[in-house]
2 protein chains.
Amino acid sequence: MTDAFSYPHPALAVDLVMLCVQGGALHVVLMQRADGAEMGGDWALPGGFVHRDTAPEDTVARVLAEKTGLHGIHFEQLATYGALGRDPRGHVVSIAYIAIAEAEALSVGVVANDTLTLARVHVGWSGEAGGVATAQTADGTLLPLAFDHADILGDMVKRLRGKLDYTTIGFEFLPPRFTLRAAQDVHEAILNQSLTKPAFRRKLLDRHPLRATGARETGGAYRPAELYEVDPEGGQ
Amino acid sequence: MTDAFSYPHPALAVDLVMLCVQGGALHVVLMQRADGAEMGGDWALPGGFVHRDTAPEDTVARVLAEKTGLHGIHFEQLATYGALGRDPRGHVVSIAYIAIAEAEALSVGVVANDTLTLARVHVGWSGEAGGVATAQTADGTLLPLAFDHADILGDMVKRLRGKLDYTTIGFEFLPPRFTLRAAQDVHEAILNQSLTKPAFRRKLLDRHPLRATGARETGGAYRPAELYEVDPEGGQ
DNA sequence: CCTTGTTATTATCAATACAGTTATTACTAT
DNA sequence: ATAGTAATAACTGTATTGATAATAACAAGG
């Protein structure tokens with residue numbers, strides 16, 4: 001076999017789909033690009049190049065810190081995009097990651113960087129069929145996406161919907177202690193459909209390792225809901 | 001932003017998990033490496049480097065053709081592996097793909113290349129929990145895997161099990177026309193558990209766009225089973 | 001030609017899991 | 001206290017699943 005580094009290979013990058021649930025809808029962090037005209041849209045997922053001898057996961061952590069100032073956020077790989085025409089600057093292969101945080105924390109990072117915005121994710125299809133997704137502002141204006149980032153958003157929704165029932169990914173949108181109503185809001189935002197409360201409660205408690213803390217919500221006007229937390233040992 | 005190609009970036013490769021179902025068990029194509037001692041094992045997934053201005057998918061097709069002589073086989077992306085120590089030669093990021101073919105076709109390609117072998121995939125866990133998988137010969141001898149390829153095999157099994165019910169990926173192991181019994185064999189091999197026949201029939205016909213052809217199996221000693229095919233329009 | 005063996009296919013039934021509705025409880029604010 | 005609201009529990013019917021049995025189709029052998 002010839003030496004791995006003796007011929008030109010593509011540039012490698014990571015793209016981050018930073019997500020939160022706010023006002024009953026899934027939101028994603030987008031970055032405004034000055035060179036949007038050549039890239040197919042003014043808005044793009046934040047990203048960065050992977051340098052040699054830096055692990056892609058470390059690059060993700062670096063980009064998260066650089067763009068939003070956030071640390072220790074949950075992220076996981078989505079897929080890798082490497083079609084030839086996807087970046088007009090040349091052959092750039094990009095590993096897309098999903099990063100999830102609670103809305104309050106993410107908002108702080110977005111406000112601190114004036115090239116960033118939190119856009120509502122609009123999905124034109126239901127179930128796990130798949131398709132593209134679009135991003136829009138609070139008043140419904142469409143934000144044109146650069147590169148193949150609309151495809152990435154579509155794949156992200158598909159992946160999220162598929163993992164919601166069988167993994168604990170949905171709880172990453174919530175603080176360590178949360179009410180079941182808050183968890184239901186997350187599921188409804190991601191699935192884009194309303195769920196019946198008792199059925200949701202049962203399914204959630206059956207399928208996931210949750211533990212009632214005994215503590216209750218404070219400050220509500222009416223009956224306070226109990227706070228639950230994910231039990232790290234409860235899986236097995 | 002600085003130019004994407006002005007600093008050293010990792011080498012990019014693809015690794016192929018070529019699969020088939022044979023004798024009731026999942027099998028994978030492995031390649032013997034002369035440099036196995038330094039790589040952590042004598043056996044590895046076939047792969048190749050991604051050259052600049054070549055799409056990763058085209059690299060997959062090239063490797064498939066080079067190693068096995070096969071064309072037009074179904075493949076899809078699994079995940080990308082980029083941990084720093086995974087390849088002792090340097091920083092190589094590898095996109096792993098799952099490729100699926102029927103056993104007869106794959107065997108032809110394996111026999112034609114004497115560095116290749118078809119190994120039985122042994123999975124030490126059930127469900128979709130995840131874990132590593134090992135490879136062994138027909139007589140049960142363990143084949144030590146190079147790099148992080150045991151992890152890749154484990155992720156492959158997890159992905160396959162998760163997609164089996166909700167996609168048509170299972171039918172890629174079968175010829176265009178197949179009996180329901182053959183489809184059940186594929187599911188049992190991948191899930192590593194036996195299924196009851198009538199329940200499997202119902203679920204398969206309910207969930208997937210299958211069409212009875214009216215034609216029947218030939219050559220069998222007893223009642224011939226009807227041949228089914230995937231209906232490309234049946235999905236919607 | 002008829003019987004037997006084996007497998008494919010369909011039918012039936014019980015057990016379970018699931019979702020929707022309604023009732024009850026617990027708390028806050030006035 | 002009382003009203004209002006949301007959390008929680010109990011109940012009910014429906015759909016899904018798993019096991020068993022019955023029937024149908026074909027080959028082989030007497």
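Chain letters run A, B, ... following the sequence lines, proteins first and then strands; every chain starts at 1. No hydrogens, no waters, no symmetry mates; every other heavy atom, side chains included, goes into these values.
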**Student:** Under a criterion of less than 4.0 angstrom to any heavy atom of chain B, what are the 5'-terminal and 3'-terminal contacting nucleotides of DNA chain D?
**Tutor:**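 Nucleotide range with atoms under 4.0 Å of chain B: D:dT17 to D:dA27.
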**Student:** Quickly work out the B:F200 CZ to C:dT9 C1' distance and round it to whole Å.
**Tutor:**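 From B:F200 CZ to C:dT9 C1': 15 Å.
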**Student:** Can B:K163 and B:E76 be counted as an ion pair, charged N to O under 4.0 angstrom?
**Tutor:**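 Looking at B:K163 and B:E76, the cut-off is met.
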**Student:** Should A:R86 and A:D15 be marked as a salt bridge (Lys or Arg N to Asp or Glu O under 4.0 Å) after you check the CA-CA gap, both sets of side-chain angles, and the distance that decides it?
**Tutor:** CA-CA 13 Å; A:R86 65 180 294 277; A:D15 280 324; 3.6 Å; yes
**Student:** Using a heavy-atom cut-off of under 4.0 Å over every strand shown, decide if A:K203 touches base, sugar-phosphate, or nothing.
**Tutor:**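 Since only primed, P, OP1 and OP2 atoms lie under 4.0 Å of A:K203, the category is sugar-phosphate.
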**Student:** Any chance the side chains of A:Y81 and A:D155 put a donor and an acceptor closer than 3.5 Å?
**Tutor:**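 The answer is yes; a qualifying pair exists.
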**Student:** Kindly give the heavy-atom pair with the smallest separation between B:E229 and B:F178, and that separation in Å.
**Tutor:**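 Residues B:E229 and B:F178, closest heavy atoms: CA-CE2, 4.2 Å.
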**Student:** Is the ring pair B:H208/B:H187 parallel, tilted or perpendicular, if the boundaries are 30 and 60 degrees?
**Tutor:**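 Perpendicular.
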**Student:** If the cut-off is 4.0 Å, is A:T196 near the phosphate of C:dG20, judged by side-chain N/O to OP1 or OP2?
**Tutor:**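 Looking at the OP1 and OP2 atoms of C:dG20, one of them is under 4.0 Å from a side-chain N or O of A:T196.
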**Student:** Whether A:K67 and A:D114 form a salt bridge (side-chain N of Lys/Arg under 4.0 Å from carboxylate O of Asp/Glu) is what I want to check.
**Tutor:**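 Here A:D114 does not pair with A:K67 in a salt bridge, since their nearest N and O are not under 4.0 Å apart.
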**Student:** Starting from P on C:dT24, measure out to OH on A:Y222 and report it in whole angstrom.
**Tutor:**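 Rounded to whole Å, this separation is 23 Å.
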**Student:** Does A:R207 count as lying over the ring of A:Y166, i.e. NZ or CZ under 6.0 Å from the six-ring centre, within 45 degrees of the axis?
**Tutor:**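 Yes, a cation-pi geometry holds between A:R207 and A:Y166.
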**Student:** Less than 4.0 angstrom between a side-chain N/O of B:R223 and OP1 or OP2 of C:dT9, yes or no?
**Tutor:**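 Answer no for this pair, as no side-chain N or O of B:R223 is under 4.0 Å from OP1 or OP2.
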**Student:** How would you label the contact of B:E217 with the nucleic acid (heavy atoms, under 4.0 Å): base, sugar-phosphate, or nothing?
**Tutor:**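 No contact.
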**Student:** Side-chain N or O of A:R202 versus OP1/OP2 of C:dA19: is the shortest distance under 4.0 Å?
**Tutor:**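 So the side-chain polar atoms of A:R202 never come under 4.0 Å of the phosphate oxygens OP1 or OP2 of C:dA19.
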**Student:** Please state how far atom CZ in A:R201 lies from atom P in C:dC18, giving the value in whole angstrom units.
**Tutor:**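 Result: 17 Å.
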**Student:** Quickly work out the B:L205 CG to C:dA8 P distance and round it to whole Å.
**Tutor:**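 To the nearest whole Å, that distance equals 15 Å.
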**Student:** Return the nearest nucleotide to the side chain of A:P198; candidates are C:dT25, C:dT9, C:dT21.
**Tutor:**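 Within the option list, the nearest is C:dT21.
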**Student:** Using a 4.5 Å cut-off on heavy atoms from C-beta on, say whether the side chain of B:S126 contacts that of B:N192.
**Tutor:**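 A side-chain contact is absent here, since even the closest heavy-atom pair is not under 4.5 Å.
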**Student:** On DNA chain C, compare the nucleotides closest to B:R216 and A:K197; which residue's is nearer the 5' end?
**Tutor:**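 Nearer the 5' end of the strand: B:R216.
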**Student:** So does B:D185 pair up with B:R181, basic N to acidic O under 4.0 Å?
**Tutor:**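 Judged by the 4.0 Å cut-off on N to carboxylate O distance, B:D185 and B:R181 do form a salt bridge.
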**Student:** In whole angstrom, what separates A:L195's CG from C:dA19's P?
**Tutor:**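 Computing the A:L195:CG to C:dA19:P distance gives 9 Å.
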**Student:** Give, ordered by number, those residues of residues 160-181 of chain A having at least one heavy-atom distance below 4.0 Å to an atom of DNA chain C; if nothing qualifies, reply none.
**Tutor:**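 Nothing qualifies; none.
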